[in-house]
Asks: 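Dropping the structure in here first, questions after.
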Amino acid sequence: MLLPIITYPNKLLKSISADVAQFDAQLHTFLDNMYETMLNSNGIGLAAIQVSMPIRALILCIPDEEGNQDASNILEVINPRIANTNGTIIYQEGCLSVPGYYEDIERYESLTLHYHNRHGVECTIEADELLSIAIQHEMDHLDGKLFIDKLSYSRRKKFEKEHKKALKEKK
Ligand code: Y12
Ligand code: CO
């Protein structure tokens with residue numbers, strides 16, 4: 001089932017999401033629906049709050065060399081915690097909740113992530129480059145932050161101007 005993706009400036013995007021306590025069939029169906037929704041919108045990452053669910057869950061599916069986003073490549077991340085970080089990297093980010101806007105954002109180049117999978121099993125992965133960037137982008141959503149909140153004053157002004165113009169043109 002496709003879920004509606006909320007977009008900036010919807011105030012729900014500022015929510016602090018709550019830990020997941022039940023790793024049950026309802027959670028599994030929700031994660032399946034998130035995956036379908038993300039692929040349908042050409043996304044590579046989606047946090048639960050982007051579909052109006054304030055829980056600490058996110059999914060990622062980094063395309064392989066052929067650009068395929070196979071279900072076997074999906075990473076479902078629940079109650080995540082970043083342990084170690086290394087270096088920095090700048091990448092032009094986009095977000096399904098801020099369509100049409102891309103900006104260079106600095107993130108950690110690599111990190112260690114502790115999280116639970118859909119069954120509540122504790123997992124750890126080492127991530128670098130695009131996966132590390134995507135994890136940090138999606139984890140920011142869990143704390144009510146968007147990549148545009150990391151922009152300099154002048155870049156944010158530029159964004160607000162472009163966003164206003166885009167909304168006017170849509171009317
Ligand atoms: C690197 C940078 C950012 C992330 C977070 C995940 N972001 C996305 O998956 C964004 C996808 C996206 C897709 C859009 O739709 C199309 O391209 C058809 C889009 O739409 C427009 O720009 C109109 C915007 C964002 C992970 C890794
Ligand atoms: Co996003």
Side-chain angles (χ1 to χ4, degrees), residues 2-17 30-71 73-78 80 82 85-113 115 125-152 155-156 158-171:
L2 290 179
L3 306 169
I5 297 177
I6 59 170
T7 57
Y8 178 84
N10 190 314
K11 284 194 169 66
L12 259 187
L13 289 167
K14 288 186 169 292
S15 311
I16 308 285
S17 294
F30 176 66
L31 291 169
D32 293 343
N33 290 339
M34 279 181 71
Y35 178 61
E36 195 184 334
T37 302
M38 181 181 76
L39 286 198
N40 183 64
S41 300
N42 291 318
I44 61 172
L46 189 70
I49 193 59
Q50 293 181 270
V51 288
S52 305
M53 184 69 79
I55 61 170
R56 298 185 87 78
L58 61 93
I59 59 165
L60 298 163
C61 196
I62 305 293
D64 63 20
E65 280 111 66
E66 280 101 48
N68 297 321
Q69 286 177 291
D70 223 60
N73 257 345
I74 191 170
L75 188 61
E76 296 172 337
V77 173
I78 298 155
I82 290 173
T85 60
N86 268 297
T88 57
I89 185 169
I90 293 174
Y91 191 85
Q92 193 171 59
E93 296 188 15
C95 178
L96 290 171
S97 293
V98 192
Y101 197 75
Y102 304 85
E103 266 291 354
D104 281 353
I105 302 291
E106 187 178 285
R107 302 280 187 185
Y108 299 120
E109 201 276 331
S110 63
L111 55 82
T112 304
L113 184 75
Y115 66 100
I125 53 161
E126 307 291 331
D128 64 5
E129 300 181 344
L130 189 55
L131 181 58
S132 170
I133 293 163
I135 287 169
Q136 293 167 75
H137 176 110
E138 300 308 333
M139 280 182 70
D140 273 353
H141 279 296
L142 308 186
D143 292 321
K145 294 186 205 121
L146 297 174
F147 76 102
I148 51 171
D149 297 328
K150 297 178 93 71
L151 298 176
S152 66
R155 291 261 161 205
R156 181 60 183 246
K158 179 177 156 264
F159 163 74
E160 295 296 349
K161 205 170 155 189
E162 283 181 27
H163 182 253
K164 230 178 184 175
K165 191 166 169 255
L167 283 186
K168 255 190 194 166
E169 282 167 2
K170 234 175 137 186
K171 274 186 190 167

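All residue numbers in this chain count up from 1 along the given sequence. Because the structure is predicted, anything quoted here is derived from the model rather than measured. Remember, it's 1-based here, ligands and their atoms both numbered in the order they're listed. Below, each value reflects all heavy atoms present in this structure, side chains not excepted, and no hydrogens, waters or symmetry copies.
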Asks: Can you name the atoms of ligand 1, numbered from 1 with element, that are less than 4.0 Å from a heavy atom of Ala134?
Replies: 26 (C), 27 (C)
Asks: For ligand 1, is there an N or O atom under 3.5 Å from any N or O atom of Cys95?
Replies: no
Asks: Could you check atom 3 (C) of ligand 1 against the protein and tell me its nearest heavy-atom contact, residue, atom and distance included?
Replies: Gly94 O, 3.4 Å
Asks: What residue pairs, at least two apart or across chains, pass salt bridge (charged side-chain N to carboxylate O under 4.0 Å, His left out) with a residue in residues 32-54?
Replies: Asp32-Arg118
Asks: What protein heavy atom is closest to atom 23 (C) of ligand 1, reported as residue, atom name and distance in Å?
Replies: Gly100 N, 3.6 Å
Asks: Salt bridge or not for Lys14 and Asp143, using N-O below 4.0 Å?
Replies: no
Asks: State which residues pass salt bridge (charged side-chain N to carboxylate O under 4.0 Å, His left out) with Lys145; sequence neighbours excluded, sorted by chain then number.
Replies: none
Asks: Ion pair present between Arg155 and Asp104, side-chain N to carboxylate O less than 4.0 angstrom?
Replies: no
Asks: Does any N or O in the side chain of Asp64 come within less than 3.5 Å of the main-chain N or O of Glu66, such that one atom is a donor and the other an acceptor?
Replies: yes
Asks: Any side-chain donor-acceptor pair under 3.5 Å between Glu109 and Thr88?
Replies: no
Asks: Give me the nearest non-hydrogen protein atom to atom 12 (C) of ligand 1 as residue plus atom name, then the distance to 0.1 Å.
Replies: Leu96 CD2, 3.5 Å
Asks: Would you indicate which of Glu93, Glu138, Glu129, Gln136 comes nearest to atom 2 (C) of ligand 1 when only heavy atoms are counted?
Replies: Glu93
Asks: Considering only heavy atoms of His137, which atoms of ligand 1 have at least one such atom less than 4.0 Å away?
Replies: 3 (C), 5 (C)
Asks: To the nearest 0.5 angstrom, please state how far the OG1 atom of Thr112 sits from the CG atom of Asn86.
Replies: 8.0 Å
Asks: Is the shortest N/O to N/O distance between Pro99 and ligand 1 below 3.5 Å?
Replies: no
Asks: Do me a favour and list the nearest non-hydrogen protein atom to atom 15 (O) of ligand 1 with residue, atom name and distance?
Replies: Ser41 O, 3.5 Å
Asks: Measuring from the heavy atoms of Tyr102, does anything fall under 4.0 Å of ligand 1?
Replies: yes
Asks: Is ligand 1 under 4.0 Å from a heavy atom in the side chain of Tyr91, in the backbone, in both, or in neither?
Replies: side chain
Asks: Which pairs pass ring pair (Phe, Tyr, Trp, His ring centres under 6.0 Å) with one or both residues in residues 85-113, sequence neighbours excluded?
Replies: Tyr101-Phe159
Asks: Okay, side chain of Glu138, backbone of Leu58: is any donor-acceptor separation there less than 3.5 Å?
Replies: no
Asks: Give the atom numbers and elements of ligand 1 that come within less than 4.0 Å of a heavy atom of Leu130.
Replies: 1 (C), 27 (C)
Asks: For a 4.5 angstrom cut-off between non-hydrogen side-chain atoms, does Ser132 reach Leu113?
Replies: no
Asks: One thing to verify: whether Lys150 and Glu103 come together as a salt bridge, which I'm taking to mean a side-chain N less than 4.0 angstrom from a carboxylate O.
Replies: no
Asks: Between Arg156 and Glu160, does at least one N-O distance fall below 4.0 Å, as a salt bridge requires?
Replies: yes
Asks: Among protein heavy atoms, which sits nearest to atom 9 (O) of ligand 1, and what does the distance come to when rounded to 0.1 Å?
Replies: Ile44 N, 2.7 Å
Asks: Do any protein N, O or S atoms sit under 2.8 Å from the Co ion (ligand 2), and which ones are they?
Replies: Cys95 SG, His137 NE2, His141 NE2
Asks: How far is atom 18 (C) of ligand 1 from its nearest protein heavy atom, and which residue and atom is that?
Replies: Asn42 ND2, 3.2 Å
Asks: Output the distance between atom CE (Met34) and atom CD (Gln50), rounded to the nearest 0.5 Å.
Replies: 7.5 Å
